[in-house]
Amino acid sequence: MAEPTSQDAGSAHSVAIIGGGATGALLARALILRTDREVVLISPDASPGRGVAYGAAQPWHILNARAGSMSICPDDPMHLVRWARAHGHAIEGTDFLPRALYGDYLAGQFAEILATSRGRLRHHVATATALHRDEAGYVVLTDNGPVRAGQVILAVGNPEQQRLPGVSDAAFASPHLVTDPWSPYPQPAADEPVLLLGTGLTAVDVALNLIEAGHRGPIEALSRRGLLPLAHPELPPSSAHPDLILDGGLGLRELLRRVRVAIAAGADWVAVIDTLRHQADRLWDDFGDDDRQRFLRHVVRFWDVHRHRMAPPIAARIAELREQGTLRFAAGRLRSIEPDPRGGLRVTIEGQEARRFGAVIGCTGPGRLPGSADPFLASLFRDGVVRPGPYGLGVDTDQDGRIGHGLWLAGPLRRGHSWETTAVPEIRAQVDRLVSTLSRQTAPR
């Protein structure tokens, strides 16, 4: 096997992007189209763009946003719709597309810009392991040789799930406890009971995966409140709600009062939530620390189930499974998980007798930082290259995504300074601002 060689992305005017999901692919495209920089994308993915969100998607997984809001082009909302039609899919902007198809769209757009960049964009197929700064810029160490660049953008996606209190070491090491539902894992026996930890969109996806794989046993999804995502209406509301006044300096209590008044007066709750969504980052900025802490303790789960909704076909399928008794959503506090002598895991929920499950699958979403960082990000925390952002939700940056001299971040790890950082429209806006900032920096002479 040939020795890996150093990949030089160019000069101090060059950019290395670490991460090959949607954020990394959008960054690479924007940098090539809007700047004269040389760019190298560092990712082990054969086709960057899909990432975890779309790379593990099955045919029954559907986007939880309409096609008209998912274009990669900020000024061309029908770009995705035209692309899908050109590839044989008769869709409208109000339709919910399969997630795998959207992954094809993102990967195809990256492949196109890679092919037409005249060598300015390269894909370094590797996993980043460490990052060091020297007099010439940065060196990204990977499992396929180092990459040098003047600027580095982290686009590494969400942190790992947090290990929940009460999970014993033996249970954590058990093959019956699945901590990453998007990686391959042994399927539980078809008639075994399965517990999902979490009741959000990830739990919905995992439940459908089990059913489609032929699982016949009961599936229970557990969270503190037992709330499941609400459903999108078949058609979007005609407009945002005009009577919800969101002037500056609102505290959490007054904001909640105005929302309740608007809905009690007959406002479409979907329009109200969509209005809030588009103002969420400004509202988050206006909150003081006490209000942000209250939101995270008491409101965030209610926000999530209203904001991150199920597509109508998915909601209908989940309702059917619940009516059949196959899938149950429950409220409760997890006390302990231990191996069961009969096989599987023994789970104790507060106020209940311990029960045996053939498998327990974590669906709780990203954990807090730095504790839930993956090995690469953990190395950056240890070396002092990055530091946790507010409330451990992400990484500390400025408003442009700057971590330090020549080091940037885009994507979900901006959460904490911003609130809406996971959906394509918000990531698209982050990319636009970051690339605009870089485009104003002149090349060294």
Side-chain angles (χ1 to χ4, degrees), residues 19 21-27 29-30 49-57 61-81 93-103 105-106 109 155-159 182 200-202 204-205 229-233 236-237 240 270-285 295 300-312 314-315 365-366 389 393-395 397 401 409-435:
T23 303
L26 291 179
L27 277 164
R29 183 179 186 274
R50 291 186 174 89
V52 173
Y54 310 112
H61 291 150
I62 297 176
L63 291 174
N64 62 325
R66 301 178 195 274
S69 68
M70 296 293 284
S71 165
I72 64 169
C73 304
D75 300 324
D76 185 2
M78 294 300 285
H79 183 269
L80 168 60
V81 174
T94 55
D95 290 341
F96 295 87
L97 302 189
R99 286 219 301 267
L101 180 63
Y102 190 69
Y105 168 66
L106 293 174
Q109 296 303 304
V156 293
N158 278 310
W182 302 118
L201 290 173
T202 299
V204 167
D205 287 340
L230 299 177
H232 279 281
V270 175
V272 170
I273 294 299
D274 289 350
T275 300
L276 287 172
R277 179 257 179 98
H278 294 300
Q279 298 290 325
D281 284 347
R282 182 183 63 78
L283 294 167
W284 181 256
D285 285 342
F295 179 86
V300 64
R301 187 62 188 131
F302 295 96
W303 168 256
D304 285 345
V305 300
H306 288 80
R307 158 70 180 88
H308 300 287
R309 304 185 286 267
M310 292 184 284
I314 298 298
L393 297 175
V395 169
T397 72
L409 181 139
L413 288 185
R414 295 270 288 272
R415 199 171 199 187
H417 280 298
S418 301
W419 181 253
E420 286 290 308
T421 62
T422 58
V424 166
E426 284 73 35
I427 290 175
R428 197 173 57 200
Q430 285 185 27
V431 167
D432 179 67
R433 181 164 179 167
L434 196 161
V435 171

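Thr422 OG1 to Asn158 CG: the interatomic distance, rounded to the nearest 0.5 Å, is 7.5 Å. Taken to the nearest 0.5 Å, the CG atom of Leu80 stands 5.5 Å off from the CG atom of Leu97. Separating the CD1 atom in Ile62 from the CG atom in Asp95 is a distance of 10.5 Å, to the nearest 0.5 Å.
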(request) Determine, stepwise, if the pair Glu426 / Arg414 fulfils salt bridge (Lys or Arg N to Asp or Glu O under 4.0 Å). (result) CA-CA 11 Å; Glu426 284 73 35; Arg414 295 270 288 272; over 6 Å; no

(message) With side chain to side chain contact (heavy atoms under 4.5 Å, CB included) as the criterion, how do Val270 and Arg309 come out once you've worked through the C-alpha distance, each side chain's angles and the decisive distance to 0.1 Å?
(response) CA-CA 10 Å; Val270 175; Arg309 304 185 286 267; 3.5 Å; yes

(request) Apply side chain to side chain contact (heavy atoms under 4.5 Å, CB included) to Ile72 and Val424, showing your working. (result) CA-CA 8 Å; Ile72 64 169; Val424 166; 5.5 Å; no

(message) side chain to side chain contact (heavy atoms under 4.5 Å, CB included), that's the test. Do Gln430 and Asp432 meet it? Break it down for me.
(response) CA-CA 5 Å; Gln430 285 185 27; Asp432 179 67; over 6 Å; no

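Every residue meeting the side-chain contact (heavy atoms from CB on, under 4.5 Å) condition with His306, not counting sequence neighbours, appears here in chain and number order: Leu230, Trp269, Ile273. Under the ring pair (Phe, Tyr, Trp, His ring centres under 6.0 Å) criterion, His417 pairs with no residue, sequence neighbours left out. With sequence neighbours excluded, the residues forming a side-chain contact (heavy atoms from CB on, under 4.5 Å) with Val52 are Trp182, listed by chain and number. Partners of Asp205 according to the salt bridge (charged side-chain N to carboxylate O under 4.0 Å, His left out) rule, which considers only residues two or more places apart in sequence or in another chain, are Arg99. Residues passing the side-chain contact (heavy atoms from CB on, under 4.5 Å) test with Pro77, sequence neighbours excluded: none. Partners of Tyr105 by side-chain hydrogen bond (donor to acceptor under 3.5 Å, both in side chains), not counting sequence neighbours, listed by chain and number: His79.
Between Trp419 and Trp284, the ring planes lie tilted relative to each other; the angle falls in the 30° to 60° range. Note on ring orientation: taking the six-membered ring where Trp is involved, the planes of Phe96 and His232 are tilted (angle from 30° to 60°).
Using a 4.5 Å heavy-atom cutoff, the side chains of Asp304 and Arg301 are in contact. A 4.5 Å side-chain heavy-atom check between Asn64 and Met310 finds every atom pair outside the cut-off. In this structure, the side chains of Cys73 and Arg29 come closer than 4.5 Å at one or more pairs of heavy atoms. At a threshold of 4.5 Å between non-hydrogen side-chain atoms, the residues Met78 and Asp76 count as touching.
In terms of modelled atom types and a separation under 3.5 Å, the side chain of Arg428 and the main chain of Ser71 share a donor-acceptor contact. When atom types are taken as modelled, the side chain of Tyr54 and the backbone of Leu106 share no donor-acceptor pair closer than 3.5 angstrom.
Of all heavy-atom pairs between Val431 and Thr23, the closest is CG2-O, 4.5 Å. Minimum interatomic distance between Gly157 and Leu413 (heavy atoms only, all atoms of both residues): O-CG, 3.2 Å. Arg277 approaches Ala423 most closely through the heavy-atom pair NH2-CB, 3.6 Å. Contact detail for Pro229 and Gly200: the closest heavy-atom pair is CG-C, 3.8 Å. Residues Leu434 and Leu409 approach most closely at CD1-O, 3.8 Å, considering heavy atoms. The minimum heavy-atom distance linking Pro312 with Pro233 is given by the pair CG-O, 3.8 Å.
No option in Arg415, Arg307, Gln279 other than Arg307 meets the side-chain hydrogen bond (donor to acceptor under 3.5 Å, both in side chains) test with Glu420.
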